[in-house]
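In what follows, a single structure is set out as C-alpha cells and then discussed.
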Amino acid sequence: MKQSCLHTDKYLDFNYMHYNKNDRVNDAMITLAVKVGSVNDGDRKGIAHFLEHMLILSLANASQIAPDQFRIKGTTDFDKTLYEITCSDKAEDIGQAIKLLLEIHSGRLLKKRDMEEARRDIDEEFDHFNDDSQSSLFRILIDNSEFLNSIPIGFRDGLKDISFQELQAFHQRNYRKTNAHILIVSRSDEEIIRQYFRYSVETISTIGQCQLVTGEEEDYVSLLQRINIC
C-alpha cells in the first residue's frame, strides 16, 4: 500500500508542500497560507479581514479563471490568513487551483467595485459573530489581553472608512513582502504537481512583469496570449 508522505520545495517566494495522501477521498485541498493577520492591522482594524474578502471576490468576479467546480474559502486569524480551495483530485484541476491561489497572493485582480459586496458580506459576519455564543466565550478568553483590540473580524464601525487605496497599500506592504506557503493534499503524482506549481508561479510572475512594463491593466486571457502561454 502506498504510504502518505510529505514533499517540500522552495521556489521564488513560495514554500511548497505536497502531502501525498493514501486515502480514497476524491477531493484535493490546496491551501495558501500567508503570515499576515489582524495583528498587522495597525490603526485600520479589520483591514486584513476586509482584504481577504476582496481577494476572494476578485476571483469570483473573474469568470474566465474561476470555474464553478472550485470551492474557495478564506479565514483570517490573528497571525495568518488562509485561502483554501477544494477541487477534484486531478492534476490539471490542482494546477488551476494553484494558479487561482497565486492570483490571490499577487492581488492583481483587486477591483474597487467589489468593495460594497465585501462590506455586505462582512456585515453579515458581524451579525452572526454577535449572536454566536461561542464568540462570547472567545471574548471572555481574550479579555484583558493585547489581542482584544485586534480580533480578526475587526470592528463594524471602522469598516466603512477603509478605502480601496488603503487595501492596496496593505496588500503591497504585507503580502508581497512575506513568504507564502502552498500546501497541497492529494493523491496526484508528485512530480506533475511540482511542475504545475513552478509553471504557475512563473506564469503569474511574468504577467505581473508585463503589467509593470505596459503600465496598463489587461484581461487575464489577453495577457496569456501576449506572452504565448495560451
Side-chain angles (χ1 to χ4, degrees), residues 13-14 27-38 40-41 44-88 93-129 151-156 158-160 162-176 178 180-185 197 200-201 203-204 207-208 217 219-221:
D13 294 326
F14 293 91
D27 285 343
M29 179 174 287
I30 304 90
T31 303
L32 166 68
V34 186
K35 198 170 179 58
V36 177
S38 59
N40 302 100
D41 282 348
R44 281 304 199 204
K45 302 303 181 184
I47 193 170
H49 182 219
F50 197 165
L51 180 61
E52 171 223 311
H53 278 257
M54 288 285 289
L55 287 168
I56 291 178
L57 281 172
S58 75
L59 293 186
N61 293 336
S63 58
Q64 68 267 36
I65 62 166
D68 294 336
Q69 65 263 33
F70 294 134
R71 300 185 295 280
I72 305 175
K73 181 179 74 170
T75 306
T76 302
D77 208 333
F78 288 102
D79 62 337
K80 61 185 174 296
T81 303
L82 304 178
Y83 300 89
E84 299 174 356
I85 295 181
T86 303
C87 64
S88 68
D93 285 346
I94 293 171
Q96 185 72 351
I98 292 171
K99 191 178 294 183
L100 293 175
L101 291 174
L102 293 175
E103 283 287 9
I104 281 179
H105 186 264
S106 76
R108 191 181 59 82
L109 299 177
L110 281 170
K111 295 289 186 294
K112 186 176 181 178
R113 64 172 180 258
D114 293 331
M115 290 189 70
E116 287 310 309
E117 185 175 352
R119 284 193 176 99
R120 288 195 298 270
D121 291 343
I122 297 171
D123 213 42
E124 289 182 10
E125 279 192 48
F126 277 118
D127 292 337
H128 292 305
F129 184 73
I151 56 175
I153 195 172
F155 297 93
R156 195 193 297 261
L159 190 62
K160 62 181 182 297
I162 296 174
S163 70
F164 183 68
Q165 289 73 24
E166 287 175 315
L167 285 168
Q168 288 180 308
F170 183 85
H171 180 275
Q172 289 291 323
R173 187 170 62 250
N174 293 284
Y175 276 58
R176 303 305 296 274
T178 303
H181 303 262
I182 295 278
L183 172 62
I184 301 159
V185 180
F197 170 73
S200 297
V201 171
T203 300
I204 301 301
I207 289 173
E217 284 194 3
D219 67 83
Y220 188 80
V221 174

*Would you call Asp123-Arg120 a salt bridge at under 4.0 Å N-O?*
no

Validation row: [X], [Y] side chains within 4.5 angstrom (heavy atoms):
X      : Y      : answer
Ile94  : Ile98  : yes
Ile122 : Phe50  : yes
Ser200 : Thr203 : no
Phe70  : Gln96  : yes
Arg156 : Asp127 : yes

*Could you go step by step and tell me if Ile162 and Phe170 meet the side-chain contact (heavy atoms from CB on, under 4.5 Å) rule?*
CA-CA 11 Å; Ile162 296 174; Phe170 183 85; over 6 Å; no

Might you point out which heavy atoms bring [X] and [Y] nearest each other, and give the distance in Å?
X      : Y      : value
His49  : Pro152 : CB-O, 3.2 Å
Arg71  : Asp27  : NH2-OD2, 3.1 Å
Ala97  : Ile30  : CB-CD1, 3.8 Å
Glu116 : Arg119 : OE2-NH1, 2.8 Å
Ile151 : Phe78  : CA-CE2, 3.9 Å
Leu51  : Leu110 : CD1-CD1, 4.1 Å

*asked:* Ring-plane angle category for Tyr175 and His171, please: parallel below 30°, perpendicular beyond 60°, tilted otherwise.
replied: parallel

About how many Å separate [atom2] of [Y] and [atom1] of [X], when rounded to the nearest 0.5 Å?
X      : Y      : atom1 : atom2 : value
Arg176 : Ser106 : CZ    : OG    : 6.5 Å
Arg44  : Leu167 : CZ    : CG    : 10.0 Å
Ile56  : Leu100 : CD1   : CG    : 11.5 Å
Lys35  : Asn40  : NZ    : CG    : 9.0 Å

Under a 3.5 Å distance rule, please check whether [X] uses its side chain to pair with a backbone N or O of [Y] as donor and acceptor.
X      : Y      : answer
Glu166 : Ser163 : yes
Thr81  : Val34  : no
Asp41  : Ala48  : yes
Glu84  : Thr31  : no

_Polar side chain donor-acceptor pair, Asp93 to Ser88, under 3.5 angstrom_ = yes

*With distance as the sole criterion, is a donor-acceptor pair present between the side chains of Glu125 and His53 under 3.5 Å?*
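The criterion, which ignores hydrogens and geometry beyond distance, is satisfied for His53 and Glu125.
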
*Have a look at Ile85 and tell me which of Ile184, Ile104, Leu32, Ile72 forms a side chain to side chain contact (heavy atoms under 4.5 Å, CB included) with it.*
Ile72

*Within the 6.0 Å centroid threshold, strictly below: Tyr83 and His105*: no

*Evaluate the criterion side-chain contact (heavy atoms from CB on, under 4.5 Å) for residue pair Met54 and Phe164; output intermediate values, then yes/no.*
CA-CA 10 Å; Met54 288 285 289; Phe164 183 68; 4.0 Å; yes

*Using the salt bridge (Lys or Arg N to Asp or Glu O under 4.0 Å) rule, take Asp77 and Lys80 through it: C-alpha gap first, then chi angles, then the decisive distance, then the call.*
CA-CA 5 Å; Asp77 208 333; Lys80 61 185 174 296; 3.7 Å; yes

